[in-house]
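Letters A, B, ... are given to chains in the order of the sequence lines, protein chains preceding strands, and every chain is numbered from 1. Only heavy atoms go into these numbers, but all of them, side chains included; no hydrogens, no water, no symmetry mates. Everything quoted here is computed from the prediction, not taken from an experiment.
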Protein chains: 2
Amino acid sequence: MGRVTGDGTVGKALEVLDQVAAFGRPVRFGELLAQSDFPKPTLYRFVQTLTNQQMLAYDPERQTYTPGLRLVRLAHTAWDQSTLAPVARPHLDALSKAVGETVHLAQLDHAQVLYIDKRNANKPVQMYSQAGKVGPAYCTGVGKVMLAFLDEDAIESVIEQQSFHGFTEHTLDSADALRAELHDIRQNGYGFDREEHEPGIICVAMPILTSAGRVLGALSVTSTTSRTNLAGLEAYVPILRETADKITRDAQNWSFPDYQTKETTGI
Amino acid sequence: MGRVTGDGTVGKALEVLDQVAAFGRPVRFGELLAQSDFPKPTLYRFVQTLTNQQMLAYDPERQTYTPGLRLVRLAHTAWDQSTLAPVARPHLDALSKAVGETVHLAQLDHAQVLYIDKRNANKPVQMYSQAGKVGPAYCTGVGKVMLAFLDEDAIESVIEQQSFHGFTEHTLDSADALRAELHDIRQNGYGFDREEHEPGIICVAMPILTSAGRVLGALSVTSTTSRTNLAGLEAYVPILRETADKITRDAQNWSFPDYQTKETTGI
DNA sequence: TAAACAGGTTTCATTATTTGAAACTTGGTT
DNA sequence: AACCAAGTTTCAAATAATGAAACCTGTTTA
């Protein structure tokens, strides 16, 4: 049978893990089987193995599987070591305080936007539920500004992977429309979300680039059409740029930090 | 060579993943090799495969590996589906608002405490960096109250896995001391952390149990000896109990929620 | 009460993948 | 130029994964 994933057995097992996660709800073995390329016993063993390894959790009551707790543990380390979040945190705090609107930090993951951190000006933040979330690149502020500063080939490759689903009447609906928008963003150095993903929701977004111009991530300030407009958001461009610059600087300097596992203030 | 993990190739690969995560910093191939049971080419291929699969991230600059972004994506789903967090969230918010101190939600993972959610009364929360963190069970409030309500066999099994490292002069330093403490906690229905993990840090903790008495998780209110004392914290017991009860109730009712992937308020 | 059934689990000979000693690169030192 | 450490590739042997078929087990239907 054709190469399903590459990367042998491990790749196949992780494919199953993704499949479970993609359901977005507890899923039964049979449901997985129905949409799996693997024969029953093979899938069965993968699910068993993953459950053993706590990468999946099994609910015997309902006979369903969900992604497991081990992932939460591992992701903590991933978030802390493989993302901009730890470097950006203080700057994000400052930005949030200054603008008083919802603020996001995102990175590009494959052809999608991966939200890494968030500050919600008002309510006690409910962050974790947001960090880790993925969104479309072609119709979010952060997505577009990150795309805009990739190199030609990378842009085309990512564009090919976009679905151009029309979330709202303002959603860019073609590769060409997106290319034009990316061109504008490169000119300006920043971009907007003009209710492209959700009606009433608008944002300004600023890329975070290395000094060599490589894309590290993006920042955005989000608001609603009832509270402000694009011109109002544009006022945040200077502070966004400053914040992005600070993050860039810290990210470069952050070569190898001191390594003692200084258990700061104990969870 | 002895069975290293069980669970075949997948188990071995995940063992490597854990090893990288355990370093807590970017790690070189050679460093992994030095403490690995696997021969060089075997380890090499695992690391390659995991990197391919975005379970590890490779920094070509420094030639180091860290846990990968795919884990952050997967953990988002895990947190949302396999933990108490989504059910507990509103109650945690309310508790936090009422007590004005730092509040934690934790679950038991293996023999460790896994922190699932947190509310920090004062500053804009920096949560994700905490959720996913693991801590010792024998010297934290949440750890002890969860242990206390396991059944005999489970308790002994978990006790065996504790290290009894003396974090402070108050840390319980033996299985017997811990058994006695767990007995008291069962009597009272709740427990304290008496500066056992960190000097100056104290907390009250309340288990979250099913109506049948099975341990689901635990809540705690944390403060410092400079701001209050154990008697002061004890005043929070009623509201903690109420909150735990509400979470229990919601968790039971939360059988199968409605399934439409209602994208609430966009990220 | 039995027969059929759906969903899940196990068997076992076949097949494909993993394994690791050794050899080989590559980039940096002496 | 010779050496060395770290990382990478080769390839035959050893092992683990595979999946058709058979088998459970609890539930519904005749």
> Find the distance A/Q63:CD to C/dA6:C1' and express it as a whole number of Å.
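In whole Å, C/dA6 C1' and A/Q63 CD are 12 Å from each other.
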> Give the rounded distance in Å between these two atoms: CG of A/L33 and P of C/dG7.
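Whole-Å distance recorded here is 10 Å.
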> Considering heavy-atom distances to DNA chain D, does A/T42 or B/Y65 have its closest nucleotide positioned more toward the 5' end?
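Whichever sits nearer the 5' end wins; that is B/Y65.
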> Without decimals, in angstroms, what is the distance between A/R45 CZ and C/dT17 P?
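In whole Å, C/dT17 P lies 14 Å from A/R45 CZ.
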> Decide if the gap between the ring center of B/Y138 and the ring center of B/F164 is smaller than 6.0 angstrom.
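That pair passes the under 6.0 Å test.
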> Whole angstrom is fine here: how far is it from CG in B/D7 over to C1' in C/dT18?
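After rounding, the gap between these two atoms is 16 Å.
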> Would you say CD of B/E160 has more than 12 non-hydrogen atoms from neighbouring residues, nucleotides or ligands within 6.0 angstrom?
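Not more than 12 within 6.0 Å, no.
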> Write down the distance between OH (A/Y44) and C1' (D/dG19), rounded to a whole number of angstrom.
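Roughly 15 Å, once rounded to whole Å.
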> Can the ring centres of B/Y65 and B/F29 be said to be less than 6.0 Å apart?
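Between B/F29 and B/Y65, which both carry aromatic rings, the centre distance is not below 6.0 Å.
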> After noting the C-alpha distance and the side-chain angles of B/Q81 and A/R25, does the key distance pass the side chain to side chain donor-acceptor pair (under 3.5 Å) rule?
CA-CA 7 Å; B/Q81 287 182 47; A/R25 60 169 173 87; over 6 Å; no
> Output the single nucleotide from D/dG19, D/dG7, D/dT18 whose closest atom is nearest the side chain of A/F46.
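Nearest nucleotide to the side chain: D/dT18.
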> The side chain of B/T9 is closest to which nucleotide in this list: C/dG20, D/dT8, D/dA17?
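Looking only at side-chain atoms, B/T9 lies closest to D/dA17.
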> Would you kindly give the CZ-to-C1' distance between B/F38 and D/dA16, to the nearest whole Å?
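My rounded result for the distance is 14 Å.
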> Using atom CZ of B/F29 as one end and atom P of C/dT26 as the other, report the distance to the nearest whole Å.
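My rounded result for the distance is 17 Å.
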> With distance as the sole criterion, do the side chain of B/K40 and the base of D/dG7 form a donor-acceptor contact below 3.5 Å?
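Check passes, donor-acceptor contact within cut-off.
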> Can you find a donor-acceptor pair, distance only, under 3.5 Å between B/R28 side chain and D/dG7 base?
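A donor-acceptor contact between them is absent.
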> Roughly, in whole Å, what's the span from NZ in A/K12 to P in D/dA17?
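Going from A/K12 (NZ) to D/dA17 (P), I get 10 Å.
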> Looking only at the side chain of A/P41 (C-beta and beyond, no hydrogens), which of the listed nucleotides D/dG7, D/dT9, D/dA20 gets closest?
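Nucleotide nearest to A/P41's side chain: D/dA20.
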> Is it the case that over 12 heavy atoms from other parts of the model lie below 6.0 angstrom from the CZ atom of A/R186?
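More than 12 within 6.0 Å, yes.
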